[in-house]
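Below, each value reflects all heavy atoms present in this structure, side chains not excepted, and no hydrogens, waters or symmetry copies. Residues: numbered from 1 along the sequence shown.
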Amino acid sequence: MTARRLLAVLLAGVLLPAGLVGCGIPAETDVQVDGSVPAAEAGSLNGSPASPPAPGDSDEPVPFIENYLRAAAAGERDQAYTRARSFLAEEARDLLPGKPQTSEVELTVVRLRAKPESTPANPQGIFTVTIKVQQVGVLRADGTLGPPGATETEYPFQLRRAGPAGTGLLITELPNVLLTTDTALREYYRSRTVYFWNSDLTRLVPDLRYLPSSVPAERRVTEVVKWLAGGPSDWLSPGVTGLPDGTRPINNATGQDSQWEVNLTMPGANEQRLARLGTQLAWSLPELTGQLDLKIQNQKRFSVDLQRERATHPAYPRGAAPTRFSVYDAAIHPLAIGDERREAVPLPAAQNRNVVSASLARADDQVLAALVVTASGRQRLKVGTGPAPVAVFTASSTTFRSMSRPTWLRSLDKDRATGLVAADGKLYRFDGTARTSLVPLNVSGNVVAVAGSLDGHRIALVSGGVVYVAPVNVEGGVVTLGQPRALPTQLTGVTAVDWITENELVVAGNDPDRRSAIHQLTVDGAWEPPLASEIGAPVTQLAAYPGGGDSGLPALSFMFETNGGAWRNNPIDFVTPEQVLDVPAGGRSANPTAPFFLF
């Protein structure tokens with residue numbers, strides 16, 4: 001038997017996790033995009049909006065209720081109650097009042113955990129349909145999806161025939177909240193990203209919103225201006241800077257094609273503030289080109305060339321072209337995957353030893369290196385920064401039983417590099433000299449993973465099997481976190497997380513069938529497609545590249561570690577020892593672990 005054949009047998013019989021043996025992840029696994037174009041935003045639609053459902057579209061109880069759940073989302077927000085009430089019998093109209101007089105229309109968004117269940121009609125001709133749900137959030141008038149406001153896991157509906165047998169249905173009993181589903185949100189809304197300046201006004205931070213697909217193009221500018229004037233999402237607010245208090249649009253934005261005009265009231269409006277608003281609008285309206293004029297109380301004060309503004313003022317640094325690395329025999333090594341870009345480890349060999357996991361990032365001409373290394377049976381952080389190869393490292397004085405893969409916060413100030421790491425169930429910040437300090441968190445359970453976004457002002461973390469997001473405020477080298485927001489997900493026992501697009505995470509845990517799985521998840525929990533299932537063992541580390549598919553990697557590229565081995569997607573495949581580069585002769589004796597991207 002040849003050495004290669006023996007290695008294959010060992011990998012199949014010993015080193016691969018249960019459920020992945022032999023043929024890898026099963027053929028039916030739902031694997032996402034394998035291509036070279038940027039991934040679409042979650043919930044985005046192309047072409048015309050879907051037609052709204054009508055009560056007469058179905059004579060069967062379950063499809064009728066499914067259509068009812070779509071109705072509230074299927075058009076302009078101010079008509080949501082009218083569309084929903086068209087499904088109700090006259091005697092039930094008071095159970096779902098009309099549009100509130102004192103507040104904006106809000107939709108309670110749920111995720112169906114199973115197909116709705118129906119009972120046969122009772123002697124009075126009443127059907128009962130029960131939906132089992134996970135609460136996703138509350139869709140507000142400003143397009144934000146806030147945390148759930150309800151705790152119900154089931155909602156019952158009662159229905160009767162509208163007239164003679166077989167001539168339609170009407171709802172007679174129902175919950176007194178305006179319900180819709182996550183799938184209806186995706187069907188009838190477009191996701192949009194608006195941008196707010198960070199605390200020191202040096203870069204933009206994304207904020208996810210939703211706009212009905214039925215809103216015509218000429219009104220989208222007005223809606224975006226309203227969103228910016230209204231301020232950031234509640235959870236993001238501590239990490240960004242809103243427009244001056246009292247800023248509000250005057251009438252609707254006007255224009256078409258390549259000429260637009262926005263009229264505002266803005267206290268303290270000066271050229272700097274208007275220039276910053278022009279940059280926000282350029283990035284928040286990416287489909288527009290041409291000129292946008294800003295008026296303050298009917299007086300033209302500033303003009304911005306939208307396309308030129310995006311070209312000359314990036315929202316935030318996007319990072320360099322990505323390359324793949326992993327840990328092999330306690331040292332970092334590059335990986336050879338197809339014809340993807342490769343580069344040498346930017347560390348001297350003397351510092352690349354006893355490595356458990358690592359995070360490398362680029363900041364202009366600097367490399368930021370954070371290594372978790374073994375130290376007398378415990379683990380500690382070793383950090384170095386500087387031009388490649390990074391020559392000087394400092395080890396932390398504190399050791400821990402276990403540590404997560406570190407993450408760098410991509411601050412503009414490379415002289416004040418800052419990162420985060422989970423250690424022994426707590427979250428710690430560290431600097432370029434490996435000094436660590438505890439970050440207080442108001443979450444339950446042990447923190448086991450943390451990941452920073454590409455813009456550097458949002459993090460995702462895992463604590464107590466739950467995934468959270470939190471804003472990051474970096475001022476004067478001091479890092480503070482806002483209150484973490486728990487995200488609804490179908491996964492339980494979450495073990496790992498990373499950012500895979502600007503507004504989406506990749507999350508590992510157990511799916512509803514208790515199988516280890518990896519899902520994609522929007523930053524507000526609204527959309528959750530599976531990326532890999534039947535992995536067979538818990539995912540212990542997860543790394544993704546959030547830069548899209550325009551830099552040598554397929555869109556939605558990620559790697560993960562399970563049962564002591566490394567895997568990649570696009571397609572799902574085991575990373576073999578032969579794909580590890582720069583290994584000394586005779587040194588191939590284990591599987592690569594702790595994979596990550598450098599960009």
Subject >> Value rounded to 0.5 Å, distance of CD1 in I500 from CG in L531 >> reply: 5.5 Å
**OP:** Check salt bridge (charged side-chain N to carboxylate O under 4.0 Å, His left out) between E287 and all other residues, then give those that pass, not counting sequence neighbours.
**Re:** R192
**OP:** Applying ring pair (Phe, Tyr, Trp, His ring centres under 6.0 Å), name anything that partners F558, two or more places apart in sequence or on another chain.
**Re:** none
Between side-chain atoms of residues 464-471 and protein atoms elsewhere (two or more places apart, or another chain), which donor-acceptor pairs fall under 3.5 Å?
none

Please set out all donor-acceptor pairs under 3.5 angstrom arising from side-chain atoms of residues 242-256, sequence neighbours excluded.
from	atom 1	to	atom 2	distance (Å)
T247	OG1	P244	O	2.7

Original post:
F196: what forms a ring pair (Phe, Tyr, Trp, His ring centres under 6.0 Å) with it, not counting sequence neighbours?
Top reply: none
**OP:** Sort and list the pairs that fulfil salt bridge (Lys or Arg N to Asp or Glu O under 4.0 Å) and have at least one residue in residues 481-495, not counting sequence neighbours.
**Re:** none
Subject >> W527 six-ring face occupied by R186 cation (under 6.0 Å, within 45°) >> reply: yes
Original post:
Could you give all pairs that pass the side chain to side chain donor-acceptor pair (under 3.5 Å) test and reach residues 448-462, with sequence neighbours left out?
Top reply: N198-H457, S453-D455, D455-R458, R458-N503
Subject >> Side-chain donor-acceptor pair present, T151, Q135, cut-off under 3.5 Å >> reply: no
Original post:
In Å, rounded to the nearest 0.5 Å, how long is the span from CG of D513 to CD of E534?
Top reply: 9.0 Å
Original post:
Sequence neighbours excluded, which residues qualify as side-chain hydrogen bond (donor to acceptor under 3.5 Å, both in side chains) partners of S199?
Top reply: N473
Original post:
Which pairs with one or both residues in residues 52-78 pass ring-ring contact (aromatic ring centres under 6.0 Å, His included), sequence neighbours excluded?
Top reply: F64-F87, Y68-F87, Y68-F157
Original post:
Any side-chain donor paired with an acceptor under 3.5 Å for D142 and Y210?
Top reply: no
Original post:
Can you name the residues that form a salt bridge (charged side-chain N to carboxylate O under 4.0 Å, His left out) with R113, not counting sequence neighbours?
Top reply: none
Subject >> Contacts of type salt bridge (charged side-chain N to carboxylate O under 4.0 Å, His left out), residue D293, not counting sequence neighbours >> reply: K300
Original post:
Looking at Y81, is R83 sitting on its ring face, NZ or CZ under 6.0 Å from the six-membered ring centre and within 45 degrees of the normal?
Top reply: no
Subject >> For R219, all residues meeting salt bridge (charged side-chain N to carboxylate O under 4.0 Å, His left out), sequence neighbours excluded >> reply: E76, E223
